[in-house]
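Residue numbers start from 1 in every chain, and the chains themselves are labelled A, B, ... in the order their sequence lines are given, proteins ahead of strands.
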Amino acid sequence: MEPEARIVLAFDLDNMYVACERLRNPSLVGKPVGVQQKGLLATASYEARALGVDKLCSLWEAKKRCPSLILVNGEDLTLYRYYSRRVFLLVRSVLGDCPVEKLGMDELFCDVTNLVKEHLQETRDISPDPRGRWFALARAESGALTDYKGFWYNPSSECPGHTIPQYDPTVSDNATLPESILAASHLANHIRHLVLTQIGLGSSAGIAYDKTIAKLVGNMHKPHQQTTLVVSPTASEEYSTVVQTLLDPLNPHKLMGFGSKALHTLRDYISTTKYPITSPSTKEDDRDELALTVGLLRSKMTAALFGSLLGAQNGQKIWDLLEGRDNEPVKMSPEFPLTISVEDSFDQQRGTLDWSGVLTEIETLANSLLRRLEIELVDGGELETLGREAVKPDRRRKWQRYPSQIRLTIRGGHSRQIAYNANRESRSAPLPVPVFDLDIPRTERAQGLIRQPLAGLAKQILDKGGEPVEKYEFSIINIAVTNLQTTTPTKAINAFFAASPWDKQENKRIRHSHEAKEPASSNGSKRRRRTLPPDIDINMIKELPADIRDEVVREYGIIEFEEPPSKIIKRDVTEHTLELADDVNQASATPESNTVADGKKLSSVLESMSDDGCWTSDDDDKKAMTPCTLCGAVIFDWSMAAHMTYHSGS
DNA sequence: CCGGGCTTCT
DNA sequence: AGAAGCC
């Protein structure tokens, strides 16, 4: 007995960077806007694309073609992360226990199998209601959404948005349409409606039976539209016909998991074995390459061949993609990222420095890393940076996560040969606890990080145990914190006792911490207090970062504190959700914000969400390519400026 | 295969 | 710790 079919929704926020900038600055609505990053155009609004801007990327070229183009600097991603998180939390709260997976900043996958199943069971036997059928949401323990219960839809109406295969209006009938996929499509429509009205971001969606195909069909009609695969895999023959028709003409690259490496390997094999695939490409982005399609690969090769070329497991997985099978589960994304990193790149000039120059660059990065930690991991931090009223000043700002490791990655050299991922070396070390102490100025904490451990890590990488060198060459420096913990770093506390990380000289005597650790299970009493290490100064404990101090106090049962230590941190997801949701409701209630980020009137967008007559679509944000005038390499337009710095370097 | 930021597999 | 994948 085969497992029941899943139902997967794929959401994609339309033109997200521009849309976010328009929420920040509504005067940009309806105008041609370009978002600029590092001297290149990261993305352009639909108005700008209509004026020919999307075909190029250098800034002056863009300005030439479209003098009215408004450039916005998008190098600081804070705003985009903020909205990305808002959308994630909203969707998650609507879907209860369903897994919601974040892909990058602007995409989500949702496995709504169980939700839809429950919905159908609940509504199966109830008598018809003139309003249609009630899709109940946010039940049970997700008590966050007291104001939110579900929505009505008409089970005998057509599927919202577009369908695959397309409806034949002459035979159009819901008889063949699986109830579950119809319900899921209405659910997706409802979620898009919520994201639009509560947050102000338009989105597109795909509804299908796995992630790859949901994403694929979702990309077929954009923006502000959705597309549903309306044939069930339980009707296996019809399903594979439809899916194969859909996939066969595609560039395999469009299938998630079919990366450039795999494609390259396959192409190599095909050309060296004179495999009978010959059709020369006419498409620009396939120039000089075999025009591989899903259909060609599928008909000319075998699963076994894929296995031997790409590894047994991976080969099989990729082969399955060609046949429209994708068993990748929708993985529930964690509330906070698992790593947070900052990175800068350097051309030949900037990237050739003596030792103190290297340290200066690392310090700059350390500062911006600390800023990000405060924005993203401290309660209320993101609101503060967005110029909204932060948490009450008297309320202590609490860390929501505690990274325990820090990692330095350096990519050396500027030779053209190396692959972008090669030549990277990294070293990691425990993250010193004082970084969490918000009473220490950020710049001081950054300097502390340099002293320990970043300078040492940099030496390990750059000197490789040899003698120091006059000049160091590198092209990328990255600093990351990893292993984000939900609890205060107790291990780090021990480390703190063992050696005060950043040399508070007076506290030299707090050394022998491990003696202080009690044999854990010496008797049955769990509540038994640890004894404070005898040589620890109570005043030093007072200077610990607040959260750490609480932990110490709790662990060791210190009582001679004037101010009572606050309770153990209690994390409440739902509370946070509501807090974030608040300011939007006001925003969307005011008349002047009653426009969608891409310039359409809200009312017209809402209207269009129920029918198919949407305005013309654009797509594939960043896929255009152009040959470099100097070396002829075909390069993504959005990276041409960066590419040019490459030439000027050598 | 350039950019910055993330995840996952090995 | 590094390679590779995705946006």
Side-chain angles (χ1 to χ4, degrees), chain A residues 10 12-13 15-17 36-43 57 74-78 80-81 84 101-109 211-212 215 219 253-265 310-314 317-318 321 328-329 331 333-334 336-347 365 368-369 372 376 405 407-411 414-429 457 460-461 475-482 484 620-623 625-626 628 630-631 633-650:
Chain A
D12 188 340
L13 298 175
N15 216 198
M16 190 207 186
Y17 283 12
Q36 168 192 359
Q37 280 173 338
K38 286 271 184 172
L40 56 84
L41 204 64
T43 183
C57 62
E75 283 164 24
D76 184 346
L77 306 181
T78 305
Y80 316 137
R81 288 200 192 91
S84 176
E101 176 178 348
K102 233 158 97 68
L103 186 59
M105 206 96 80
D106 64 345
E107 290 184 47
L108 292 178
F109 291 111
K211 293 204 284 186
T212 302
K215 180 174 155 89
N219 278 323
H253 225 303
K254 299 243 175 192
L255 301 179
M256 240 196 343
F258 223 114
S260 53
K261 291 290 182 193
L263 206 46
H264 189 79
T265 304
L310 304 167
Q313 206 185 314
N314 200 239
K317 207 155 76 182
I318 293 182
L321 288 179
E328 273 306 296
K331 285 184 274 293
S333 288
F336 290 88
L338 301 173
T339 68
I340 295 179
S341 69
V342 294
E343 184 170 285
D344 201 358
S345 59
F346 303 83
D347 57 24
L365 280 166
S368 71
L369 178 63
R372 277 197 55 195
E376 291 175 38
Q405 292 278 113
R407 182 178 63 212
L408 176 70
T409 306
I410 297 181
R411 180 180 138 180
H414 289 82
S415 95
R416 183 192 297 230
Q417 268 69 325
I418 51 169
Y420 83 107
N421 238 339
N423 253 16
R424 280 171 180 264
E425 273 191 86
S426 62
R427 297 290 183 275
S428 57
L457 298 180
Q460 282 182 42
I461 296 173
S475 52
I476 290 176
I477 300 180
N478 178 304
I479 310 178
V481 292
T482 59
L484 273 66
D620 277 3
D621 268 4
K622 306 162 134 196
K623 290 292 191 282
M625 296 180 82
T626 315
C628 170
L630 295 183
C631 68
V634 180
I635 302 278
F636 286 116
D637 290 341
W638 52 267
S639 68
M640 184 61 82
H643 177 76
M644 283 306 172
T645 68
Y646 216 69
H647 288 299
S648 63
S650 54

Distances under 3.5 Å between protein N/O atoms and the N/O atoms of nucleotides 8-10 of chain B, please, pair by pair.
none

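Residue-level contact check: Glu75(A) touches neither bases nor backbone, having no heavy atom under 4.0 Å from any strand. Residue contacts for Ala262(A): at a heavy-atom cut-off of 4.0 Å it reaches the sugar-phosphate backbone alone, with no base atom in range. Across all strands shown, Asn478(A) has no heavy atoms under 4.0 Å from either base or sugar-phosphate atoms.
When all heavy atoms of Arg407(A) and Thr482(A) are compared, the pair lying nearest together is NH1-CG2, 4.2 Å. The shortest non-hydrogen separation linking Ile318(A) to Gly257(A) is CD1-O, 3.9 Å. For the pair Pro337(A) and Leu484(A), the tightest heavy-atom approach, listed with the atom from each and the gap, is O-CD2, 3.3 Å.
Distance from the side chain of Pro337(A) is smallest to dC6(B) among dG2(C), dC6(B), dA1(C). The side chain of Lys261(A) has dA4(C) as its nearest neighbour among dA1(C), dG3(B), dA4(C). Listed nucleotides: dG4(B), dG5(B), dA1(C). Nearest to the side chain of Ser428(A): dA1(C). Here the side chain of Asp106(A) is nearest to one of dG5(B), dC7(C), dG2(C), namely dC7(C). In the set dG5(B), dC6(B), dC6(C), dC6(B) carries the atom at the smallest distance from any side-chain atom of Arg372(A). Ranking dA1(C), dC2(B), dG5(B) by closeness to the Ser426(A) side chain, first place goes to dA1(C). For Arg411(A), whose side chain is taken as the heavy atoms from C-beta onward, the closest listed nucleotide among dG4(B), dC2(B), dC6(C) is dC2(B).
Note that the CG atom of Leu13(A) and the CG atom of Leu108(A) stand 7.0 Å from one another [nearest 0.5 Å].
Comparing His253(A) and Ile340(A) against DNA chain B, the residue whose closest nucleotide sits nearer the 5' end is His253(A).
One interatomic measurement links the two molecules: CG of Leu41(A) to P of dG3(B), which rounds to 17 Å at whole-angstrom precision. Atom CZ of Arg424(A) and atom P of dG4(B) are 9 Å apart (whole Å). Rounded to whole Å, the distance from CD on Gln37(A) to C1' on dC2(B) is 14 Å. The NZ-P distance, from Lys215(A) to dC6(C), rounds to 9 Å in whole Å. Rounded to whole angstrom, the span from the CD1 atom of Ile476(A) across to the C1' atom of dC1(B) amounts to 11 Å. What separates CD of Glu107(A) from P of dC6(C) is a distance of 12 Å, to the nearest Å. Per the geometry, CZ belonging to Arg427(A) stands 11 Å off C1' belonging to dG2(C), to the nearest Å. Between the P atom of dC6(B) and the OH atom of Tyr80(A) lies a distance of 15 Å, rounded to the nearest Å.
Remark: Thr339(A) is in phosphate contact with dT7(B), judged by side-chain N or O atoms under 4.0 Å from OP1 or OP2. Phosphate proximity of dC6(B) to Ser341(A): present, with a side-chain N or O under 4.0 Å from OP1 or OP2.
For Glu376(A), the salt bridge (Lys or Arg N to Asp or Glu O under 4.0 Å) test picks out Arg81(A), Arg372(A), with sequence neighbours left out. Remark: Tyr80(A) pairs with Tyr17(A) by the ring-ring contact (aromatic ring centres under 6.0 Å, His included) rule, at least two apart or across chains.
The neighbour count for Glu75(A) CD, taken as heavy atoms of other residues, nucleotides or ligands under 6.0 Å away, is above 12.
A distance of about 14 Å separates the C1' atoms of dC1(B) and dA3(C), rounded to the whole Å.
Using a 4.5 Å heavy-atom cutoff, the side chains of Ile340(A) and Leu369(A) are in contact.
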